[in-house]
Each structure stands twice: as structure tokens, then as C-alpha cells.
Amino acid sequence: MIRWNTDRRKFLKAAGAFGAAAALKPGFAWSADGDTLRIRMEGDLQVLDPAFMIGAIEDVIMRGIYVSLNRLGDLREGSPWSPWGAEKIEQKDPKTIAFTLIEGLKWTNGFGAVTAEDVKFSYERVANPDNASPWAYQFEQLDHVEVVDERNGIIHLKNPYQPIYVVALPYYGGHIISKAATEKAGGKYTTEVPATCGPYLFTSWEQKQKVTLTANPDWPGPKPDFAKVEIYVVADDQAAQLAYEADAFDYTKIAVGEAAAVKASPPPDTTLVEAQSTRYQWLSINMLSPRLQDVRVRQAVQHGIDVSQILTGAYNDLVPRSTGVVQPGTPFARPANLIPGGDYEKAAALLAEAGASDVTLTLTVMNDSSRTAIAQIMQASLEQAGITVEIQPLDEAAYWGVGDKTQGDGYKNIDLVLMDFAGGVDPSENLVWFRPDQIGVYNWSGFDSPEYEASYQQIITETDEAKRVELSRRMETLMEESGGFIFICHQPLTLIHRNSFEPLIYPDGHPNPVLFKKKA
């Protein structure tokens, strides 16, 4: 991993806390009154419409300004779910779920009470294929929502959907929005939210700097411990750690390689959290690219990258290599990869067999120190296999556009992309992104397998765990056999926070500030 040689504490002492962090990001607030929670996220928001949001900071914000019927607990406790916007959720039979909204929920901006009709509108809007929501899979098995009365409804499914309580209801598509406000806004919106109903209000947004949430006085549920939440945008983990030490905020993820140093000499009044996350990292090898349509060339890339070098150089050997996108330590993960990698002679032989010479590929990566370091390791490894790699670092907004088919045919011309996604509790949440309908959305390998799609449809309805395990492992084997993937690791979660509170962290590794608890 690339490391800073500067001793942080000496730097801060010499420069002063204000000057040190102000150099990182203008606009930081430098004091907290005890009732303000300051957290850091990596990227800025783009869309606050749950049907079209991107992820990360957006879902953290939406956990505050909307409600979902249920919520998840902390990943360190197994992420158990419990009712949230609903006072009661009851599974009537495998395809029927009844719910009752908590009393007193109401929309801002004069849009009245939150009703079962809003739940119906929210879920069916995400599920409607005409809307092309990237989260439509979460409600793919939804038939319809029956409105019983203002606070009561029944979710009717086409088929039993095993992960509904941990995939659909508490996550992105499960956020409830106002039917009347959304329709008045034209049917969809981006960052101008027409109405909210959660524990917090969306108060202000300073682009690429800070989002501020303040407590909603009309929220009828348990009051959050902090009256204000400030979410700071800092892309780089190392810069964020320096800013934390300068008291710019109270909670931040840090680079994995920094955990040992923090553990040995933690900043004052700080707790280090180390946990197994569900965030998985892999190399996407695009079989739609003119340079990678021959499976032997893709296999040469698979053999030409020594993943062990990445695990050592970027992760200090703190994590094992992943055998797929499903997290290790669960029965759903495969025992081993088919191709161990690091066999340069095999890679060269495959290139020769394919008649491919002077192969040059572009490796697209998000522009931060950790990901760039991994890209450089891959570049050096593939060079030994006879493949030239040109690294293309992009900022977050540009990066997420390269594989987006709505922006043209550029997604067919990308070669290699270093990717990492926040995973879920159920294996289907990690496997869903590689279905055929995700090509040009989040499936940037162009992986198109009818068997994979059929297996996915089976795994979400199957009740026999042994069969689900078999399906999950087979799906990951299909991915690797296509030549479109190199599985790297499930990134460990390493973060620091002030001792004065206990955070609640979702399985995707992102916080839910609504449920942060002050310590006595």
C-alpha cells in the first residue's frame, strides 16, 4: 500500500489543527457542540430518489429523511432486522406479508400523513420495468401491494422471496416516498426532495463538501441521539484520517493498512473498529471489448494477475483471497478459485494460442490512493505476462459513467475495471448484479449466461439451504469460467470514531447515523 511518510502528529503540531485539515478540504466546521454528529463519506450525493439513487452517502442520507418498514441491526451483531416504519410486520404465508405503519408518520411540505398508499406507490414504482430502476430486482417478485386502510397494507408476492426482509424492505428500494409529492414533482427527482418523513430533515448541501441533516420535530418514533448530523465528503481514506486527527469529524473509515498503527497509538478518545464487511472487490474483464472477445485473451488476464501480491501490497495480508462475490465464512462461498493466477507462462501461452500480440489494455480505476496502488500492482503483474496496461484513474462521477449504457456505447469499449460493491446479508444480493439485464448497468463484464439467470431465479425462491448453497457456488463458477472476472477479496472494515458514542453499521459497511447512541 502507498503510505505517507509524514508523521501525522508532528505535522499537526507544526501546522496547527486548523491549517492541517483546512488544506484537505475548505469549509470544514471546527467545533461540535455535543449534539452534532460529524461523519465522513467518500463521495458526494447525486440522486435522493430511492428508485434511482447510486448508493453510499445517498442511502446514509435516506436512512435519515425517509422510513422503511423495517431496519437492520449492526453488522457486528449479525445484522438482525426489526420493524421500523411499521409497528408490525407479519408473514401470513410464503407469498403474503401484512404491515401496519406506526401512528403519526407525516410528510413535510404539507403532504399529509404517510399511508399504505405511499408504500404501494413506492414499491410498485421500483418494480415497474418501465421505470428502469437499478433496484428493481429487490421487488422483482412483487405482484402488488394491497391497501387495506390508511395505515395497513398487504404485500402480495408472485413467488416466495427468501431475502425480502434483508434485501428489499430495509434497503435502497424499500425507502418509502410520498405519492402525492412525487407526482407533483413530475414523477421523479434528483436532489430536490419534494417531501420527507424520517427522523431527520435534509437541511443543506454544500456540493463536494458537506450535507447537513437536522432533527425532524414531527418524527413520531424514537428520537435520534444527535440533533444534527453533518456528513463530510472526503474521497481519500488517508486524507480523511488526517482530518479526523485534526478534529474535523467524529467518524471515518480508514485505510486497512493503517489499522495496526492506530491500534498501537490511537488518537485521543478514539475507538478502532475492525470487522468483516460484505464489500467485495474484483477485476471486471469486459468480454464486449474488441480486445477481449477471445476467451483465451481474457483467461490470459486471469492467469497473469497474481492476487497474492495485491493482498500483500494493499491489504498487508489481513484478508484471504475471495473465491467469488459471496463473502467467505459462509457456506455459500466456493472452496477455491479455478484459476489461482500468477502463472505468467500460461498467460503467454494463451495469448500465443489466440494469435494476440502487443496486447494493450486500459484499466479504469477510481482515483484514490488505495485503488491506484492496486491498479499499479496489476499493471506490473500483467507486464510479466506480456500484456501492457494503461491505468485510467477517474473521479467518482466519471467512473460510474464508463459502464453506463444510457450514456452511449462506451460500455462496450472498456477493457478492465477495478470494482468493489457493498454486499448484503443474503448471497442473492451479491449475485444479482451479474445477471444479463445488468449489462450496461452494473454488469461491466458483459457476462450473459442463461444458466446464471435461471439459477438466480431459483436461489431467491428456494427454501432448502443445501440447494441454495449449490446454486450460489455454481453461479460463481460460471462467472469465473466466462473469463470475465478475477475475484480479489472481501475488504475488511476498518474505521475510527469518538469514544463518546456507539455507531450502528449496516452490512454494506456504511453507517446509520439515526441509530448512533451516545454513551453516558
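Computed from a predicted model, the values in this text were never measured in an experiment.
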| said: Between Glu90 and Lys92, does any side-chain N to carboxylate O distance fall below 4.0 Å? | reply: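 Salt bridge between Glu90 and Lys92, a charged N being under 4.0 Å from a carboxylate O: yes.
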
| Are there more than 12 heavy atoms of other residues, nucleotides or ligands under 6.0 Å from atom NZ of Lys517? |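 Yes, NZ of Lys517 has more than 12 neighbouring heavy atoms, counting only those of other groups under 6.0 Å.
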
| said: More than 12 heavy atoms of other residues, nucleotides or ligands under 6.0 Å from CD of Gln384: yes or no? | reply: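 Check passes, neighbour count above 12.
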
| request: Please identify each residue that fulfils ring-ring contact (aromatic ring centres under 6.0 Å, His included) with Tyr123, with sequence neighbours left out. | output: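 Tyr123 satisfies ring-ring contact (aromatic ring centres under 6.0 Å, His included) with Phe139 only.
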
| message | Test side-chain contact (heavy atoms from CB on, under 4.5 Å) on Leu416 and Leu361; report intermediate values, then the result. | response | CA-CA 7 Å; Leu416 311 175; Leu361 302 173; 4.1 Å; yes

Could you tell me how the ring of [X] sits relative to the ring of [Y]: parallel (under 30°), tilted (30 to 60°) or perpendicular (over 60°)?
X: Tyr280; Y: His490; result: tilted
X: Trp135; Y: Trp433; result: perpendicular
X: Phe434; Y: Phe421; result: parallel

| In a check of salt bridge (Lys or Arg N to Asp or Glu O under 4.0 Å) between Asp508 and each of Lys253, Arg279, Arg63, which one passes? |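 By the salt bridge (Lys or Arg N to Asp or Glu O under 4.0 Å) criterion, Asp508 pairs with just one of Lys253, Arg279, Arg63: Arg63.
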
| Between CD on residue Gln392 and CG on residue Asn367, distance to nearest 0.5 Å |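 The CD atom of Gln392 sits 11.0 Å away from the CG atom of Asn367.
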
| query | Could you give the distance from CZ (Phe516) to NE2 (His497), rounded to the nearest 0.5 Å? | reply |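 The CZ atom of Phe516 sits 8.0 Å away from the NE2 atom of His497.
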
| Partner of Tyr137 under side-chain hydrogen bond (donor to acceptor under 3.5 Å, both in side chains), chosen from Arg435, Glu429, Gln438 |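 The single option meeting the side-chain hydrogen bond (donor to acceptor under 3.5 Å, both in side chains) with Tyr137 is Glu429.
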
| field | Within the 6.0 Å centroid threshold, strictly below: Trp400 and Trp444 | value |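 Yes, the ring of Trp400 comes within the 6.0 Å limit of the ring of Trp444, centre to centre.
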
Answer with yes or no whether the side chains of [Y] and [X] bring together a donor and an acceptor at under 3.5 Å.
X: Asp317; Y: Thr312; answer: yes
X: His156; Y: Glu146; answer: yes
X: Asn131; Y: Ser133; answer: no
X: Tyr165; Y: Gln91; answer: yes
X: Arg321; Y: Ser308; answer: no
X: Arg40; Y: Thr252; answer: yes

| message | Does Leu318 form a side-chain contact (heavy atoms from CB on, under 4.5 Å) with Val256? I'd like the steps, not just the answer. | response | CA-CA 8 Å; Leu318 295 175; Val256 173; 3.5 Å; yes

| message | Main chain of Ile459, side chain of Arg468: is a donor-acceptor contact present, judged purely on distance under 3.5 Å? | response |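 Yes: the side chain of Arg468 pairs with the backbone of Ile459.
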
